[in-house]
Amino acid sequence: MSARVDALLERMTWEQKLLQLQIVWRADTAIQHDLARRGIGAQFWPPSVAAVNALQRVAVEESELGIPLLVALDVVHGQFTIFPTPLAQAASFDPAVAAADARVSAAEARANGVNWTFSPMVDVTRDPRWGRVVEGFGEDVFLSSRFAEAKVRGYQGDRLSRRDVVASCLKHFVAYGAAEAGRDYNTTDMSHRRLRETYLETFRAGVAAGAASVMASFNALNGIPMHANTGLLTGVLKDEWGFAGVVVGDADGVAQLVDHGIVPDEKTAVARAIEAGVDVVMGGSLLVDDDGVAVLTPGELSPARVDDAVRRVLTLKERLGLFENPYADERREVRSATAPARAHARAAASRCLVLLRNEGAVLPLARGAQVLLAGPFARSTDHLGAWVQSFASPVSQTLADALAEAMTDAALEVADGADVFAVSEEHLADVVGRAARADVVVLAVGEPSALSGEASSRADIALPAPQVRLIRAVAATGTPVVIVLATGRPLVVEDWVDEVDAVLVAWHLGVEGPAAIAEVLVGRTNPGGRLPMTFPRAVGQVPIHYDHESTGRPPRTGGRIQGEAHPGLAGPDNTDDYYTSKYLDLPLGPRFDFGAGFGYTTFALGDVAFGRVVALADLEAGATIDVRVRVQNTGTRVGDDVVQLYVRDEIASVTQPVRRLRGFTRVTLEPGDATTLAFTLGADDLRFWTDDGTQLLEPGAFTVWIDDGVSRVHARFELTQREDAA
Ligand code: NOJ
């Protein structure tokens, strides 16, 4: 409760209140200033610090109440200094990477007058067709939740009134990542249990970390579009979780309730949305029209709900210190990536690369090797990824330049000429001819940034055919081939992956991406990322995720998941076991599993050791079970291991995932060095949701796997109701 907010609310007219609940964009400067003078609540960033200060000055000095503006911008993985895409960041299995991005992004944005970012996106998704997978942290709820927390804390710092932080926004609430058929904006429909377990959880974690705002999603869920979903926006988010921040509608999402076909017109749409719990409407002039007239009367929209929404907006402005410091310091304006910011981006990019294949240890490139670099990403500057805007700084170097600089002992030749969607016969012949004379060919291939992101779903997630032709033609020369795979999403790589020697997933790593890739190729950095999303064998397997449930007829062999999840059942092919959950035309399991990846050294995992296994009642009271494992670098290079802890509840009253991630640690070890990693399991790690909205923790056997993407060990413990029952 704030005296200032109370006093303002007392004085405000109905129109002034409604204006605070509107973000207007797509308007020219004169209209923006006019709206600011009338008391509009928020604007998109007018792109310069001078322009934003001019606008703030109108709001503060020329409007009747002098309320400063929220100035919003999507700063998703950098404004000027572009970091790896969020999906790439998740591959680091190191939330500090996301925190560093958020800190640099917030400082750049706030210095220029932005005080509210529409980020992080915390939509869990299991469908790589959906282009927005690039904006989130992948398929796993535990990993995504830890990244959500890191990003919120990074953006917001220890208090919002600091001059180098911004308010964050968890989006898109909720289940947007479950769009049917992976088509953006499409309908979602799911059990309450899955909604709680998987899709709500990242938001719950982000809210608990202090996120200042939450954005409603475009999708309908179980028949109710999220912009009108009272049960979730108000019931769960605000009432159950106690979220006291701002709920913002997505761009035109309120008006689109008409297109969803649940209201006849925009006037009814905005009334429905505000009553459901949306506080701020993005786009259009739905609450107050262009002539400054309120669209709805107090009879049509509950004044108490409007007061609550206005209070949330004003409170955020107060927390941001905008009443005291509405203006940005124009001497601190940022116009492009600075050297220190680039250094952070480089360090982040270095941690996100994932090595999925390295036959004959072709990587790192041997000293003295004759290297041919080809492929459409060899000289491309398209490494920034989706969700960057016109003011993003360009990449510091192309891969060709970065590799030439990094390769001190080897000779580099570059074959220019391949395009992402076209490789001419002449170019193909040229690369093949030069490949035959090289010791190793590095092919930088992939999906351009524009193929992922919003409204960029793909039905076919293979590489464009000309690139596949290039790969296969070069592989046929017999010269070892290293693939550097630039991509916004998991791809289907089936038609070439067995023919190449190495695969390094390079995502879209931002301004320092090429430099980070080059350092990994020459071995100056040891790749240590792991996949945050499954790479399927075929698009027909999608949606696919490692934490699927047991069926009554699980396949008895195949990929890592099935083999380990049913210890003792792993065997040869299941050809004599026809009636199992499989495809007739595919081997079992994905091509590359969630959590897969390795580096240039080797690690050995010791046995899983449990501390005292307390009883269920003690877990409920807050006790935890310690899990320890020793990990040793058994190779000859320093490197990072990503040690992942998975749990399975063996017998439960509701079918359980074959395993669920419940801990991870990325550790750097010198050759020969060992360390013991400790994890803890608490009640929340072992509980599950039922469909009637309750959470259960049941006694019985639990299996714990420790897995580093290469090898795995497991052990079981028995959870008893009470200690004396043991
Ligand atoms: C629509 C997108 O869904 C959302 O993520 C974004 O924040 C808004 N546009 C504003 O740019």
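Whatever order the structure lists ligands and atoms in, that order sets their numbers, starting from 1. One-based numbering along the sequence shown. Computation of the quantities below employed the complete heavy-atom set of this structure, encompassing side-chain atoms and omitting hydrogens, waters and symmetry-equivalent molecules.
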Item to check | Identity and separation of the nearest protein heavy atom to atom 1 (C) of ligand 1 | outcome: Asp250 OD1, 3.0 Å

Item to check | Parallel, tilted or perpendicular, as decided by the 30° and 60° cut-offs, for the rings of Trp45 and Phe391 | outcome: perpendicular

Checklist entry - Using heavy atoms and a threshold below 4.0 Å, how should the contact between Met215 and ligand 1 be classified: side chain, backbone, both, or neither? => result side chain

Checklist entry - Heavy-atom contacts under 4.0 Å between Tyr185 and ligand 1: side chain, backbone, both, or neither? => result neither

Next on the checklist: Within the 4.5 Å heavy-atom criterion, are Asp184 and Tyr176 side-chain neighbours or not?
Outcome noted: yes

Checklist outcome for this item: Lys171 heavy atoms within 4.0 Å reach ligand 1 at atoms 4 (C), 5 (O), 6 (C), 7 (O)

Item to check | Gly182 backbone acceptor or donor facing Asp127 side chain under 3.5 Å | outcome: yes

Checklist outcome for this item: Phe118 heavy atoms within 4.0 Å reach ligand 1 at atoms 7 (O)

Checklist entry - Are the side chain of Arg305 and the backbone N or O of Ile274 linked by a donor-acceptor pair below 3.5 Å? => result yes

Item to check | Single hit among Gln541, His545, Glu139 for side-chain hydrogen bond (donor to acceptor under 3.5 Å, both in side chains) with Thr534 | outcome: Glu139

Item to check | Lys/Arg cation over aromatic Phe80: Arg335, 6.0 Å, 45° cone | outcome: no

Checklist outcome for this item: The answer for which part of Trp387 has a heavy atom under 4.0 Å from ligand 1 is side chain

Checklist entry - Quick one: nearest non-hydrogen protein atom to atom 11 (O) of ligand 1, plus distance? => result Asp74 OD1, 2.5 Å

Next on the checklist: Taking Glu240 first and then Arg196, would you say they form a salt bridge - that is, a charged N and a carboxylate O separated by under 4.0 Å?
Outcome noted: yes

Checklist entry - When you look for heavy atoms under 4.0 Å from ligand 1, do you find them on the side chain of Gln389, its backbone, both, or neither? => result neither

Item to check | Protein contact of atom 5 (O) of ligand 1 - nearest heavy atom, named by residue and atom, plus distance | outcome: His172 NE2, 2.7 Å

Next on the checklist: Within the structure, is a non-hydrogen atom of Glu135 found at a distance of less than 4.0 Å from ligand 1?
Outcome noted: no

Item to check | Met121 and ligand 1 - part of the residue with a heavy-atom distance under 4.0 Å | outcome: neither

Checklist entry - Are Arg183 and Tyr185 in a cation-pi contact, defined as NZ or CZ under 6.0 Å from the six-membered ring centre and within 45° of the axis? => result no

